[in-house]
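Report on the structure given below.
Note that the structure is a prediction, hence the values are computed from the model and not measured. The first residue of the sequence shown is numbered 1, and numbering continues consecutively from there. Worth knowing before you read on, the calculation uses all heavy atoms, side chains too, and leaves out hydrogens, waters and symmetry mates.
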Amino acid sequence: MSKFSVHNKNNINDTNGKKDILNLNLFGIDFKNPVFLAAGVMGETGSAMRRIAKNGAGAVCTKSIGIEKKPGHNNPTMVEVEGGFLNAMGLPNPGIDEYIDEIEYIRKQMKDLNVKVIGSIYGKNEKEFEKVAETIAEHVDLIELNISCPHAGGGYGSSIGQDCNLSHKVVSTVKNVTKVPVIAKLTPNVTDIKEIATSVEDAGADGITAINTLGPGMVIDIESKKPILGNIYGGMSGKAVKPIAIKNVYDIYSAVEIPIIGVGGITTGSDAIEFMMAGASAVQVGTGVYYRGYEIFNKINDEISEYLLKKELKMSDIIGCVHN
Ligand code: DHB
């Protein structure tokens, strides 16, 4: 598919009313605001998602779901470091067949709150992605492909997202079996993010989420003389990764036409606005929940609205504006 035949990345229907200033339409879907929950942060249960939804998220993303049940790594799976967190959960999940009841429950919980559900999925090849996508598609509003976990190994995660051909194959296979919009979540751990972005767009991706965690990195406890994480190393998230995420969004925006969801160290409305100026149409919040609590979604939305009203701007005025 030509990169110019896909969605207009600035297809935002915002209005001048205070309440509606954050409404947007992306991938043909109406969202009440552009501040979403990132994958993995709150696990995959309906009760956790509902708490986030009640606190103002425009969409919630599940923990990545795979073809089979996975227990995940031994504890500790997360450790705070300067500027953020390292985590290696080991893609724990119940497996797609077991997960259907829960995702249905999540969807019902989100309906009255008008919050969209993004199903994050992973696999080690296009066949696994195909099976999970086919099963989950009718239960979610969008599918996000995790081709970017930095420490998964075994052919999973960034082993796919660091290779244009493998990324293309996964996206085109999933697009063939689903009608819901498909978004590829990319890793910053590549030589040229524009090449990967272009190949997922050519494969038919409806959007791109950028970025997944950096690294992997490692922390050692000098008393026990051992690495802290059960997995020894893990992906870096949080405030320290934000400038890298911004640059990746900036580069991706310059290379593709499909919308970008920015993620990486967003804690405040001004962080979100920065991502939008680099080219993101919406954002996801992950580690920020640890810094500002569940209320972070309402707070960031209020901060974006305040900025837009004060400056007499619409969201569409700021998306990608640094490229002008
Ligand atoms: C895990 C997966 C990710 O994609 C990521 O960025 C961090 C952690 C995990 O489950 O280990």
Side-chain angles (χ1 to χ4, degrees), residues 18-19 21-24 31-65 72 75-81 83-87 89 92-93 99 102-120 140-142 144 146 185 209 211-213 235-242 245 261-276 280 282-308:
K18 185 172 181 183
K19 195 167 146 258
I21 197 166
L22 297 178
N23 291 173
L24 71 160
F31 295 90
K32 63 181 178 184
N33 68 60
V35 185
F36 307 164
L37 173 70
V41 185
M42 294 301 297
E44 72 281 346
T45 64
S47 51
M49 301 285 162
R50 180 148 179 104
R51 188 173 294 176
I52 294 293
K54 277 187 155 174
N55 279 285
V60 292
C61 187
T62 67
K63 177 85 185 134
S64 298
I65 305 296
N75 284 329
T77 53
M78 193 160 181
V79 56
E80 188 164 12
V81 295
F85 287 81
L86 284 185
N87 86 84
M89 319 289 283
N93 81 101
Y99 191 54
E102 190 70 29
I103 193 97
E104 262 308 299
Y105 174 68
I106 292 174
R107 199 132 192 234
K108 275 196 204 111
Q109 295 281 306
M110 297 302 132
K111 214 156 199 140
D112 57 314
L113 297 167
N114 186 22
V115 173
K116 306 300 180 211
V117 178
I118 307 172
S120 170
V140 295
D141 299 293
L142 297 116
E144 184 176 271
N146 180 351
K185 184 166 182 179
T209 302
I211 56 174
N212 206 323
T213 49
M236 172 88 189
S237 65
K239 296 178 189 195
V241 311
K242 196 188 83 179
I261 302 175
V263 52
I266 296 171
T267 310
T268 63
S270 57
D271 294 337
I273 290 164
E274 226 183 300
F275 270 85
M276 289 177 171
V283 296
Q284 291 180 348
V285 175
T287 305
V289 176
Y290 296 96
Y291 300 129
R292 285 181 95 186
Y294 297 121
E295 314 82 57
I296 189 170
F297 297 91
N298 277 327
K299 287 179 177 166
I300 291 179
N301 277 318
D302 287 349
E303 289 156 3
I304 300 171
S305 299
E306 251 170 57
Y307 174 89
L308 294 174

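Of all heavy-atom pairs between Ile300 and Thr268, the closest is CG1-C, 3.9 Å. Taking every heavy atom of both residues into account, Val41 and Val285 meet most closely at CG2-O, 4.3 Å. Contact between Ile266 and Ala272 at its shortest, heavy atoms only, is CG2-N, 4.0 Å. Between Phe31 and Gly58 the shortest heavy-atom distance is CD2-O, 3.9 Å. Summarising the geometry of Ala39 relative to Glu144, their closest heavy-atom pair is CB-OE2, 3.9 Å, with the distance given to 0.1 Å. The shortest non-hydrogen separation linking Thr287 to Ser237 is OG1-OG, 2.6 Å.
Distance check: Glu306 CD to Ile273 CD1 gives 9.5 Å after rounding to the nearest 0.5 Å.
Between Val115 and Ile52 the shortest side-chain heavy-atom distance does not fall below 4.5 Å. Between Tyr99 and Ile106, some side-chain heavy-atom pair lies under the 4.5 Å cut-off. No side-chain heavy atom of Asn87 sits less than 4.5 Å from a side-chain heavy atom of Thr77. By the 4.5 Å heavy-atom criterion applied to side chains, Arg50 and Leu113 are counted as neighbours. Using a 4.5 Å heavy-atom threshold, the side chains of Pro34 and Val283 count as separate. Between Ile296 and Tyr291, the closest side-chain pair of non-hydrogen atoms is not below 4.5 Å. You'll find the side chain of Phe275 stays beyond 4.5 Å of the side chain of Ile261, heavy atoms only. Considering only heavy atoms from C-beta on, Lys185 stays 4.5 Å or farther from Asn146 through its side chain.
The backbone N or O of Lys32 sits less than 3.5 Å from a side-chain atom of Asn23, completing a donor-acceptor pair. Using a distance-only test at 3.5 Å, with no hydrogens or angles considered, no donor-acceptor pair links the side chain of Glu295 to the main chain of Asn55. One N or O on the side chain of Arg292 and one on the backbone of Thr267 form a donor-acceptor pair closer than 3.5 Å.
Side chains of Ser305 and Asp302: no donor on one and acceptor on the other come within 3.5 Å.
Residues Asp112 and Lys54 are not paired through a salt bridge, judged by the lack of any N-O separation under 4.0 Å between the basic side chain and the carboxylate.
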*Between Met78 and Tyr290, is a side-chain contact (heavy atoms from CB on, under 4.5 Å) present by the stated rule, with each step listed?*
CA-CA 12 Å; Met78 193 160 181; Tyr290 296 96; 3.7 Å; yes
*Thr213 and Met236: side-chain contact (heavy atoms from CB on, under 4.5 Å), yes or no, with the steps?*
CA-CA 5 Å; Thr213 49; Met236 172 88 189; 5.5 Å; no
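With sequence neighbours left out, Tyr307 forms a ring pair (Phe, Tyr, Trp, His ring centres under 6.0 Å) with no residue at all. Residues satisfying the salt bridge (charged side-chain N to carboxylate O under 4.0 Å, His left out) test with Arg51, not counting sequence neighbours, are none.
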